[in-house]
Number of protein chains: 2
Amino acid sequence: MKSTIHDVARRAGVSVSTVSRSFTRPQLVSAKTRQRVLDVAEAMDFRISRSAAALKTGQSMRIAMLISDSITTWFNSHVFAGLNNVFQPAGYDLSIYTMNTVQARAEFFASLPVRRNADAVVVCSFNIVPKEIAKLGNMDVPVVGINIPNTDRFDASVNVDDRQSMKLAVNHLTSLGHQRVAYVRASHGSPFRYRADERLEGFEEAVKEAGIADMTTSLRCPPGMDASNTALAQILSLNPAPTAVCFQTDGLAIPVLYGLHHYGREVPHDISIVGFDDSTYSEEIGLTTIQQKPYEMGVELARKTLCLIEGGRPDQPFEMFPTHLVLRETTQPPADR
Amino acid sequence: MKSTIHDVARRAGVSVSTVSRSFTRPQLVSAKTRQRVLDVAEAMDFRISRSAAALKTGQSMRIAMLISDSITTWFNSHVFAGLNNVFQPAGYDLSIYTMNTVQARAEFFASLPVRRNADAVVVCSFNIVPKEIAKLGNMDVPVVGINIPNTDRFDASVNVDDRQSMKLAVNHLTSLGHQRVAYVRASHGSPFRYRADERLEGFEEAVKEAGIADMTTSLRCPPGMDASNTALAQILSLNPAPTAVCFQTDGLAIPVLYGLHHYGREVPHDISIVGFDDSTYSEEIGLTTIQQKPYEMGVELARKTLCLIEGGRPDQPFEMFPTHLVLRETTQPPADR
DNA sequence: CTGAAAGCGCTTACAG
DNA sequence: CTGAAAGCGCTTACAG
């Protein structure tokens, strides 16, 4: 029913070796023969079986992506898209492994289902611990990371400087003259803990350097639906009121921005807002924010990974991607100045 | 280096058949033997090679998901998450095939790279044409769809009634007393064309039934960054001004909602807004909208697909998922009433 | 440039 | 309940 490489060989009057080469190493076959093989294959609706090829070559043609929360988040889905758009044309399938509970995570690293079944492992925004990295390292395939806290034991990575980026945001505000600045972060327990930590540290450093540390406040959003509501309530009740607020993510900033309007606080006249990510709606809404580009980071990390799989060395195994302060419409000098 | 089933068999003092059965059909092996095999396998870091198993069984253990735009959209990423969370534990990899240009699409259906390399094909929100479906059908694997215009030739599908759902939105507004209602849709050329069409038709029907067809306007967002800006500009310049606006998607509604605030129109006091999807931020922002649940739809479609792969018949091969009007804070009776 | 042959690591029908 | 053996569909080192 489905034709195999043997059927094609017979119909084309060549050996299976030649059929195989016509697909995988065309330069080894005469142009004439190759064309005939390809024509016959086409007529028979033949495709190379990836399972068979994988078995023979010892590669699984699969790459595992480890994430600690949902693939539906802005960051993860863009990284995934970037990775996939490089891996897919190269013949690799990208499989997601979601570790969103302590138990799922422990199970994954205990049983390591990807062993022997992945040609590389991509660790995405994961506060992965040394013991876990060691386990992955034992798999003898490249282990690469995107926005990982620490590159030890990794073969390649692509990162953003969260600390420095957040300082960009604060410096923008302080240089406008803001003195009472608040910071809103997601609750601990977030899978992005280390990134949250870095951003908070960047905020605190910048605020200290600006000499306004004693007038700043750090607010916490509890997990759940009302995260932004809680943040909003805290901002509105701060006394004296902050003239500017930095957010750990645009995802926190946008609902608060909306809520501020709702309660009659004009942005940026009454209060300035800076986000982080440049994610969904940020441009349309005019949110001033720190831009990072997870799609592009995914593309670049996939390239490095392919290079490693082929036994090469990426030019720049550990790359720091730039971020940019994007000025839009939610910041201005404080009104009382 | 990597141990195979033979190594395990030798160390455990059994045949490879028994090792294989211990993993894939445990009930065929005595508990004692199985435990010994599993212990040895564990000690040797052995995992079944999925490529080898796939070759032998004739299954590819891969499922293809066809989408016509990015995997990063709210709808697609949630469907993907739902599918993947069922397929992955069942041992299947889910591969994305993105056809976002006419050329990419033609190439895909001409070469059908998934032939012999997928155990099922999932068509996601695709205005797929009969000729294309026929090509997929020739692959001899289940072809299933999610939000497809027409279920002919499909083996299973999960859909939402876009037309009826939009009528829900309009009826809500007319029953509040709104008479001048506008509709905002994305430009044609969108990959979601058929869904956009259905929603527009639903809108027009509802408006006709309510007897306010002559007071309604349908606005179009051109593609690109300024889509919502253009819509906003049109809404603001309509004369007489509409008292309510329905949007094809929340993604269009949210930036416009923000823009209306910006230009001093109070929602819902001056103008009511209804979205469609219940997507990112809709709840936090209090957007009244039509809710659909792509994650749940993905889960259910994956279940049907698995059933079909195993040769069964899903209880309900073609399922219509409900949508709900979610009342929040962006609608009220018109102020001039 | 082409072919014959070995073998990748499993699963499963068959036999006991 | 267990094992010996065939074979899934390829790739590739070797020979010519």
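Note on naming: letters A, B, ... go to the chains in the order of the sequence lines (proteins, then strands), and numbering restarts at 1 for each one.
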So A:R50, base contact, sugar-phosphate only, or nothing? Heavy-atom distance under 4.0 Å.
nothing

For B:T98, which residues count as a side-chain hydrogen bond (donor to acceptor under 3.5 Å, both in side chains) partner, sequence neighbours excluded?
none

Nucleotides 11-16 of chain C: protein proximity per nucleotide (B base, S sugar-phosphate only, - neither; heavy atom, under 4.0 Å):
BBB---

Any side-chain donor near an acceptor of the partner, A:N76 and A:D69, under 3.5 Å:
yes

Enumerate donor-acceptor pairs with a distance under 3.5 Å from any side-chain N or O in residues 18-28 of chain B to protein atoms, sequence neighbours excluded.
from	atom 1	to	atom 2	distance (Å)
B:T18	OG1	B:S15	OG	3.3
B:S22	OG	B:T18	O	2.7
B:T24	OG1	B:S20	O	3.0

How far, in whole Å, is C:dG16 from C:dT12 if one measures between their C1' atoms?
16 Å

Salt bridge (charged side-chain N to carboxylate O under 4.0 Å, His left out) against A:R303, all qualifying residues, sequence neighbours excluded:
A:E300

Figure out the CG/P separation between B:L55 and D:dC8, and round it to whole Å.
9 Å

What does A:R47 touch in the nucleic acid at a heavy-atom separation under 4.0 angstrom: a base, only the sugar-phosphate, or nothing?
sugar-phosphate

In whole angstroms, how far is the C1' atom of D:dA6 from the NE2 atom of B:H6?
12 Å

What would the secondary structure line of DNA chain C be in dot-bracket form, counting Watson-Crick and G-U wobble pairs under 3.5 Å, with [ ] for pairs that cross earlier ones and | for pairs with another strand?
|||.||||||||.|||

Pairs under 3.5 angstrom only: tabulate donor-acceptor contacts from the side chains of residues 77-84 of chain B to other protein residues two or more places apart or in another chain.
from	atom 1	to	atom 2	distance (Å)
B:S77	OG	B:T73	O	3.0
B:S77	OG	B:W74	O	3.3
B:H78	ND1	B:W74	O	2.8

Residue list, side-chain hydrogen bond (donor to acceptor under 3.5 Å, both in side chains) with B:S279, at least two apart or on another chain:
none

Nearest-0.5 Å distance, OG of residue B:S95 to CZ of residue B:F87
11.0 Å

With P as the reference atom in both, quote the distance from D:dA6 to D:dT2 in angstrom, rounded to an integer.
23 Å

Just call it for B:S51: base, sugar-phosphate, or nothing, with non-hydrogen atoms closer than 4.0 Å on any strand.
nothing

How many Å lie between CZ on A:R115 and C1' on C:dG9, as a whole number?
17 Å

Please give the distance between the P atoms of D:dC1 and D:dA5 as a whole number of Å.
23 Å

What is the distance, to the nearest angstrom, from the CZ atom on A:R10 to the C1' atom on C:dG3?
16 Å

Go through the structure and list residues passing salt bridge (charged side-chain N to carboxylate O under 4.0 Å, His left out) with B:R11, not counting sequence neighbours.
none

Side-chain donor-acceptor pairs under 3.5 Å in residues 314-322 of chain A, sequence neighbours left out?
from	atom 1	to	atom 2	distance (Å)
A:E319	OE1	A:K304	NZ	2.6

